[in-house]
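Each chain gets a letter, A, B and so on, in the order its sequence line appears, and its residues count up from 1.
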There are 4 protein chains.
Amino acid sequence: MNMTVEMMNSMPMMMPGMDMKVMQDCIEACAAAEQACTMCADSDLDEGMRRCASMCTMTADVASTMMRMMMRPMGYDSQSMMAMLEACMTLCRACAAECMMHAELSTTCRLCATVCTNCAEECALMLASMKLAMD
Amino acid sequence: MNMTVEMMNSMPMMMPGMDMKVMQDCIEACAAAEQACTMCADSDLDEGMRRCASMCTMTADVASTMMRMMMRPMGYDSQSMMAMLEACMTLCRACAAECMMHAELSTTCRLCATVCTNCAEECALMLASMKLAMD
Amino acid sequence: MNMTVEMMNSMPMMMPGMDMKVMQDCIEACAAAEQACTMCADSDLDEGMRRCASMCTMTADVASTMMRMMMRPMGYDSQSMMAMLEACMTLCRACAAECMMHAELSTTCRLCATVCTNCAEECALMLASMKLAMD
Amino acid sequence: MNMTVEMMNSMPMMMPGMDMKVMQDCIEACAAAEQACTMCADSDLDEGMRRCASMCTMTADVASTMMRMMMRPMGYDSQSMMAMLEACMTLCRACAAECMMHAELSTTCRLCATVCTNCAEECALMLASMKLAMD
């Protein structure tokens, strides 16, 4: 992610009060969630994992969209960003809970649950940081 | 959209209490928002429209992700769906407001503002319908 | 799609020699393929359809990306567009062949196969039209 | 990317003859291209960079779709994968050439050109590796 950080630092900054370290951690967590969920959805083994596959495919899309929003400071709108963080956090938690149900059957699900839990936590931290800056 | 409706009717339904007509209208509105915002971002003419281009690119991603979520009943989670509808509605409103600022300069922006406003309204209707069903 | 056509006509055109009617049909076919494949992947019923679900998820992404490329005339590069049309056509054909294998078991797969076949045909027509214009 | 590698190794492998090290490098290069192009499109400064912004937005979508295809071994189709690698390579090269035109004006463009060039090279290596395995 060093290139990402270097590029972000070279961009004109349009996000007043944003803690850049918190945002970079959130970007990394979203990128990891997109990748983990894409692989998890593809490797779900039997009929009992169909809900897991569907949730993971959604989470991959939402995490990717979340990541891209943070990389677009020019169109930054704090209300939209906070609502999207809330959505990403909610879905990552639900997806992690589903993956945990077959963590013993599948290494992929176990790893994916960890990555989704981390992404939910990073979104929560960024939400808290944004609310703090607005006070 | 006749094929989409026919396919949706052929799928096993996992969304208890969902008003399918409201959801189909929301799917159509999101598809239109993705397309309008993609074109609007590409045609923004001068430096004064850079924020418009950035917001439209984000809205295209969010509307597309929202549309796909509604087409994945197997992984349906009502809390995640409602949070995502809230995010899509918030961003579509902000994007429409930005597009309206140069509606007189650009036909593309004027049309895009209408499509984003409609998408925000359909998301609001679906949110209201889901809340009603949960009572 | 009337709004899409109206917007496209309002944009500055940067695609010399492009047959706009052919491109609009291709845009519609890609949008339909994204939607059909997203629903098909979610509704695949048993272990025998895992390959179908994975191919449909890829086809949804590729068709969506193809559609967006055609809506971005400002960055138009004919070699990139033709290579992407080739990729979209190849994947849509492979996906349609996979869906056809269980067309009798699943209405969703049967409909999805038709939509993917149509998308492959529209990509082929657009490729032919672009090659003709370059001679 | 350690989590990504660990997950990929835990998945059932359906890609006969694939050099996994080459594919993992290509996945990393595509992820970097998506991020660099998303930021570059957002930061393009003036009217002379509109083509750059449009090409970068397309490249972000194509690189993301390419990355996800490599993470879906279950639906692997060698012809589709090779056609998509060809498309990603062609677009990354065109995008890098465009970014290079204002590398002196913009650090973001200079960094983005490097990342796109690398992505094109990794796609070419993977294509060569796949062709070798098919002989």
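- Comparing Cys88(C), Ala53(C), Ser80(C), Ala94(C) by heavy-atom pairs within less than 4.5 Å of chain D, the highest count is held by Ser80(C).
- Between chain C and the residues Leu85(D), Thr57(D), Asp77(D), the most heavy-atom pairs under 4.5 angstrom are made by Thr57(D).
- Your options are Met89(D), Met84(D), Glu98(D), and the one with the most heavy-atom pairs under 4.5 Å with chain C is Met84(D).
- The candidate with the highest count of non-hydrogen atom pairs below 4.5 Å against chain C, out of Arg93(D), Arg51(D), Gln79(D), is Arg51(D).
- Interface residue Arg72(C): backbone and side-chain heavy atoms are both found under 4.5 Å from chain D.
- With rounding to the nearest 0.5 angstrom, the CE atom of Met58(D) is 11.5 Å from the OG1 atom of Thr65(C).
- The minimum heavy-atom distance linking Ala87(D) with Ala87(C) is given by the pair CB-CB, 4.4 Å.
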query = Hey, mind stepping through Val62(D) and Met69(C) against side chain to side chain contact (heavy atoms under 4.5 Å, CB included) and telling me if it holds?
reply = CA-CA 9 Å; Val62(D) 171; Met69(C) 272 185 86; 4.2 Å; yes

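- Within a 6.0 Å sphere centred on CE of Met15(D), heavy atoms belonging to other residues, nucleotides or ligands number more than 12.
- Counted within 6.0 Å of CE on Met82(C), heavy atoms from surrounding residues, nucleotides or ligands total more than 12; the atom is thus considered enclosed.
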